Amino acid sequence: MSKILIVEDEESIRKLIRVNLEMDKYIVEEAESGEEALEKFATFNPDIALLDVMLPGMDGFQVCKILRSQDLDLGIIMLTAKSQDIDKIEGLESGADDYVAKPFNPKELILRIKSLERRVIRNPKEHEKEDRFIENSCFKLDKKSRKFYKNGDEIELTPTEYFVVKLFFENLGEAISRDEILDRIWGEDYIGDSKIVDVNIRRLRSKIEDDSSNPDYLQTVWGMGYIWEDLDAK
Ligand code: CA
């Protein structure tokens with residue numbers, strides 16, 4: 001069963017999340033501060049971390065950056081204040097996979113955790129019957145090891161970024177709408193904002209494009225979504 005680290009300074013919220021996760025058979029560890037989260041992370045080795053943004057001392061964004069730098073495969077969900085505009089949630093830029101605004105229904109949080117789990121937890125048989133590699137232009141996607149290369153150099157992707165790239169590589173040269181990306185990656189039960197897609201595309205572009213403000217590969221289809229150009233078809 002997946003291991004979840006809850007990082008939240010308010011005890012009542014922490015306990016509410018814990019009770020609900022344990023009913024769903026998750027293994028849970030708690031931290032009251034960012035500093036404690038870093039200690040627990042090292043010993044508990046969670047699959048997913050839930051990070052409250054407003055923490056005493058080090059805030060959730062700083063914790064997110066440190067955890068992401070230590071573990072690229074960790075799933076990270078930020079717990080944000082409802083008033084926060086997703087465009088301003090820097091935790092998403094710094095490597096979080098998703099966010100849930102407070103106050104939230106624990107059932108909604110669990111749906112989001114389950115969706116993220118599908119990205120974070122590897123099923124060794126998932127691509128057994130498919131071709132292992134997809135190549136296009138200077139890129140190569142390895143579905144078995146979940147690695148992605150540009151000119152032979154590995155580009156390090158979070159689990160969410162990997163699934164975004166995989167979706168585009170399985171549909172090269174086809175425009176994909178934000179809603180479809182949201183359904184396919186974050187799950188059909190996702191009730192958050194499709195801006196989460198834009199945030200992830202922006203982060204991805206900074207990793208794969210030569211000039212992320214003037215993309216050659218992952219292009220915007222205005223008012224609709226995105227397309228990964230099939231450069232080998234031209
Ligand atoms: Ca707090």
Side-chain angles (χ1 to χ4, degrees), residues 1-117 119-120 158-161 182 186-187 189-200 202-203:
M1 223 38 230
S2 300
K3 295 196 280 183
I4 315 246
L5 177 63
I6 308 168
V7 187
E8 164 65 74
D9 57 315
E10 278 174 66
E11 190 181 3
S12 58
I13 299 178
R14 222 166 50 232
K15 297 299 176 204
L16 175 72
I17 298 172
R18 177 178 205 125
V19 165
N20 280 277
L21 289 177
E22 287 182 340
M23 280 194 299
D24 251 305
K25 309 268 185 267
Y26 288 101
I27 302 162
V28 178
E29 190 63 79
E30 300 172 28
E32 291 178 38
S33 68
E35 290 77 3
E36 191 186 354
L38 298 182
E39 287 170 27
K40 291 268 169 79
F41 175 77
T43 51
F44 180 54
N45 192 23
D47 301 296
I48 291 174
L50 308 178
L51 297 181
D52 181 32
V53 172
M54 301 291 278
L55 292 168
M58 190 188 292
D59 72 23
F61 298 137
Q62 290 172 283
V63 179
C64 176
K65 273 183 199 149
I66 295 170
L67 293 185
R68 178 57 79 214
S69 71
Q70 292 183 3
D71 185 353
L72 199 64
D73 291 330
L74 177 70
I76 301 175
I77 298 177
M78 304 301 297
L79 306 178
T80 68
K82 200 171 188 94
S83 56
Q84 272 174 314
D85 185 337
I86 177 173
D87 282 339
K88 299 188 182 74
I89 301 175
E90 56 181 302
L92 297 173
E93 299 288 348
S94 60
D97 296 284
D98 203 351
Y99 75 105
V100 174
K102 289 180 177 180
F104 50 80
N105 178 331
K107 287 194 175 69
E108 184 200 334
L109 177 64
I110 286 180
L111 286 176
R112 306 283 272 274
I113 290 171
K114 287 191 186 306
S115 167
L116 182 54
E117 240 182 334
R119 282 169 268 156
V120 171
T158 66
T160 298
E161 291 162 356
L182 202 58
W186 281 267
D189 44 36
Y190 192 83
I191 49 173
D193 195 311
S194 71
K195 282 181 186 165
I196 186 100
V197 173
D198 303 317
V199 173
N200 272 272
R202 212 150 55 218
R203 203 165 65 210

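Counting starts at 1 for both ligands and their atoms, following the listed order. Residues: numbered from 1 along the sequence shown. Keep in mind that what you see is a predicted model, and the values were worked out from it rather than measured.
With contacts defined as side-chain heavy-atom distances shorter than 4.5 Å, the pair Thr43/Glu29 does not qualify.
A salt bridge links Lys102 and Asp52; the closest N-O separation between the charged side-chain nitrogens and carboxylate oxygens is under 4.0 Å.
Looking only at protein N/O/S atoms, the ones less than 3.0 Å from the Ca ion (ligand 1) make 3 in total.
Here Lys3 pairs with nothing under the salt bridge (charged side-chain N to carboxylate O under 4.0 Å, His left out) rule; sequence neighbours left out. For Arg119, there are no salt bridge (charged side-chain N to carboxylate O under 4.0 Å, His left out) partners at least two apart in sequence or on another chain.
Among residue pairs with one or both ends in residues 103-113, those qualifying as side-chain hydrogen bond (donor to acceptor under 3.5 Å, both in side chains) are Asp98-Arg112, Glu108-Arg112, Arg112-Tyr190; sequence neighbours excluded.
Between Gly95 and Cys64, the shortest heavy-atom contact is C-SG, 4.0 Å.
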